[in-house]
Number of protein chains: 2
Amino acid sequence: MEIKLFDSELKVMDILWKEGDTTAKRIAEILKEQVGWSKTTTYTVIKKCIAKGAIGRYDPDFVCHPVVTREQTRKLETTELINKMYDGAADQLVASILGWKSLSPEEIKKLKEIVSNLE
Amino acid sequence: MEIKLFDSELKVMDILWKEGDTTAKRIAEILKEQVGWSKTTTYTVIKKCIAKGAIGRYDPDFVCHPVVTREQTRKLETTELINKMYDGAADQLVASILGWKSLSPEEIKKLKEIVSNLE
DNA sequence: TCAACTGTTCTACTGCAGTAGAATGAAACT
DNA sequence: AGTTTCATTCTACTGCAGTAGAACAGTTGA
């Protein structure tokens with residue numbers, strides 16, 4: 001089951017992924033301070049997240065709980081990028097990134113380990 | 001100089017990147033057959049691409065030439081994804097992709113080559 | 001010379017993500 | 001009981017990417 005999150009929804013999910021279960025009120029406070037959203041905007045977006053199953057809400061105090069995980073969303077977004085920009089070839093995306101970004105020796109070492117463990 | 005392309009504009013650029021310099025007429029034909037666009041839609045999008053400098057147009061026959069390259073666009077889109085979903089950490093994106101193990105044996109082989117040539 | 005054709009531009013509608021003001025309703029205080 | 005407060009919902013506007021019909025202009029053929 002794949003749930004596509006819009007940018008506004010991601011802002012809310014980001015809070016939950018960082019803070020863990022949180023009340024809507026608190027999320028509204030954070031986003032007001034962080035991106036200047038009116039509290040009603042935050043509530044509207046939270047409701048959309050609930051409607052599409054990205055957030056669950058439980059007693060006591062109607063706490064919001066992230067159902068969709070950050071990793072799921074990362075995978076979805078990344079797969080979309082790979083399909084849109086790299087003709088579905090994941091290795092080309094990796095190759096491109098490695099071409100632009102110079103990794104530290106430490107990171108290279110880690111990467112070599114990861115890759116050598118691949119089947 | 002970074003030029004953000006919308007999805008519709010990408011459709012046009014994709015033709016140019018694949019086919020090389022091409023007349024607007026031909027692009028319209030291809031996109032009509034490929035995604036059902038009316039020819040005026042294609043012309044409108046081409047004009048937007050020209051306006052933002054992604055496409056240049058030259059005589060004879062008003063041939064469209066891709067100014068922005070596929071690699072530039074890949075880099076822009078990928079960087080945006082990394083900032084949006086991975087807190088700006090490119091190596092984390094790479095690690096995630098490798099963690100999903102959605103790579104084919106050929107892709108893994110290529111990747112091992114790339115990584116072993118690093119540094 | 002004019003008519004038909006067709007590549008190109010002009011203009012405008014549409015859907016939807018993003019945003020938030022007004023309304024609601026339930027607790028807290030007097 | 002009445003009033004104030006404040007979390008939450010209801011409702012609706014806005015901007016813009018996406019799309020294309022109608023108008024225009026240049027060329028071809030009669």
Side-chain angles (χ1 to χ4, degrees), chain A residues 2-16 19 21-65 68 73 76-77 80-81 83-85, chain B residues 2-16 19 21-65 68 73 76-77 80-81 83-85:
Chain A
E2 296 195 335
I3 293 175
K4 168 74 181 173
L5 296 171
F6 300 123
D7 285 1
S8 60
E9 295 166 346
L10 265 178
K11 290 213 181 72
V12 169
M13 297 305 290
D14 254 325
I15 307 295
L16 291 176
E19 310 271 329
D21 293 10
T22 311
T23 62
K25 184 195 168 199
R26 179 98 187 85
I27 298 173
E29 283 169 7
I30 294 174
L31 284 175
K32 163 161 260 160
E33 184 252 322
Q34 208 167 289
V35 290
W37 274 7
S38 139
K39 68 183 172 183
T40 52
T41 300
T42 300
Y43 278 100
T44 305
V45 175
I46 288 174
K47 278 196 69 177
K48 284 181 184 171
C49 289
I50 292 171
K52 62 167 70 172
I55 287 179
R57 235 173 135 201
Y58 309 106
D59 286 322
D61 295 326
F62 298 102
V63 167
C64 293
H65 170 79
V68 170
T73 306
L76 179 62
E77 291 290 317
E80 275 180 16
L81 179 78
N83 288 333
K84 190 168 103 181
M85 293 305 307
Chain B
E2 296 194 334
I3 295 175
K4 168 72 182 174
L5 297 171
F6 301 122
D7 285 1
S8 60
E9 295 165 348
L10 266 178
K11 290 213 181 73
V12 170
M13 296 305 291
D14 254 325
I15 306 295
L16 291 176
E19 311 271 328
D21 293 9
T22 311
T23 61
K25 184 194 168 199
R26 178 97 187 87
I27 298 173
E29 284 168 6
I30 294 174
L31 284 175
K32 163 161 259 159
E33 183 250 322
Q34 208 166 289
V35 290
W37 273 7
S38 139
K39 71 183 172 184
T40 53
T41 300
T42 300
Y43 278 99
T44 304
V45 174
I46 288 174
K47 277 196 69 178
K48 286 181 183 171
C49 288
I50 292 170
K52 61 167 70 172
I55 289 178
R57 234 172 135 202
Y58 308 106
D59 286 322
D61 294 327
F62 298 101
V63 167
C64 293
H65 170 78
V68 170
T73 306
L76 180 62
E77 292 289 318
E80 275 181 15
L81 179 78
N83 288 334
K84 191 168 101 181
M85 294 303 308

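Order of the sequence lines sets the chain letters (A, B, ...), proteins ahead of strands, with each chain counted from 1. Note that the coordinates shown come from a computational prediction; the quantities given were computed from them, not determined experimentally.
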**OP:** Just call it for B/Ala28: base, sugar-phosphate, or nothing, with non-hydrogen atoms closer than 4.0 Å on any strand.
**Re:** nothing

Return the value, rounded to whole Å, for the distance between atom [atom1] of [X] and atom [atom2] of [N].
| X | N | atom1 | atom2 | answer |
| --- | --- | --- | --- | --- |
| B/Glu29 | C/dT6 | CD | C1' | 12 Å |
| A/Lys32 | C/dG18 | NZ | C1' | 17 Å |
| B/Lys47 | D/dG18 | NZ | P | 17 Å |
| B/Leu31 | D/dT19 | CG | C1' | 13 Å |
| B/Ile46 | D/dG18 | CD1 | C1' | 15 Å |
| B/Ile50 | C/dC10 | CD1 | P | 12 Å |
| B/Lys25 | C/dC5 | NZ | C1' | 12 Å |
| B/Phe62 | C/dG7 | CZ | P | 14 Å |

**OP:** Return the residues of residues 5-16 of chain B meeting this criterion: a heavy atom under 4.0 Å from some atom of DNA chain C. Order them by number, or give none.
**Re:** none

**OP:** Identify which one of B/Lys4, B/Lys52, B/Lys48 satisfies the salt bridge (charged side-chain N to carboxylate O under 4.0 Å, His left out) criterion when paired with B/Glu9.
**Re:** B/Lys52

Hey, what do you get for [atom1] ([X]) to [atom2] ([Y]), rounding to the nearest 0.5 Å?
| X | Y | atom1 | atom2 | answer |
| --- | --- | --- | --- | --- |
| B/Ile55 | B/Ile50 | CD1 | CD1 | 6.0 Å |
| B/Glu80 | A/Leu81 | CD | CG | 9.5 Å |
| B/Ile46 | B/Cys64 | CD1 | SG | 4.5 Å |

**OP:** State plainly whether the residues A/Glu29 and A/Arg26 are in salt-bridge range, i.e. N to O under 4.0 Å.
**Re:** yes

Subject >> A/Thr73: which of A/Asp14, A/Ile3, A/Leu10 passes side-chain contact (heavy atoms from CB on, under 4.5 Å) >> reply: A/Leu10

Identify each atom pair where a protein N or O and an N or O of nucleotides 24-26 of chain C are less than 3.5 Å apart, giving names and distance.
none

**OP:** Would you indicate, yes or no, if C/dT9 has its OP1 or OP2 atom less than 4.0 angstrom from a side-chain nitrogen or oxygen of B/Tyr43?
**Re:** no

**OP:** Taking only the side-chain heavy atoms of A/Arg57 (C-beta and beyond), determine which of C/dT8, C/dT19, D/dT9 contains the nearest atom.
**Re:** D/dT9

Original post:
Is there a donor-acceptor pair closer than 3.5 Å between any side-chain N or O of A/Thr44 and the backbone N or O of A/Thr40?
Top reply: yes

Taking N or O atoms only and anything under 3.5 Å, show me the protein contacts with nucleotides 20-27 of chain D, one pair per line.
residue : atom : partner : partner atom : Å
D/dA20  : OP2  : B/Ser38 : N            : 3.2
D/dA20  : OP2  : B/Thr41 : OG1          : 3.0
D/dA20  : N6   : B/Thr44 : OG1          : 2.7
D/dG21  : N7   : B/Thr40 : OG1          : 3.2

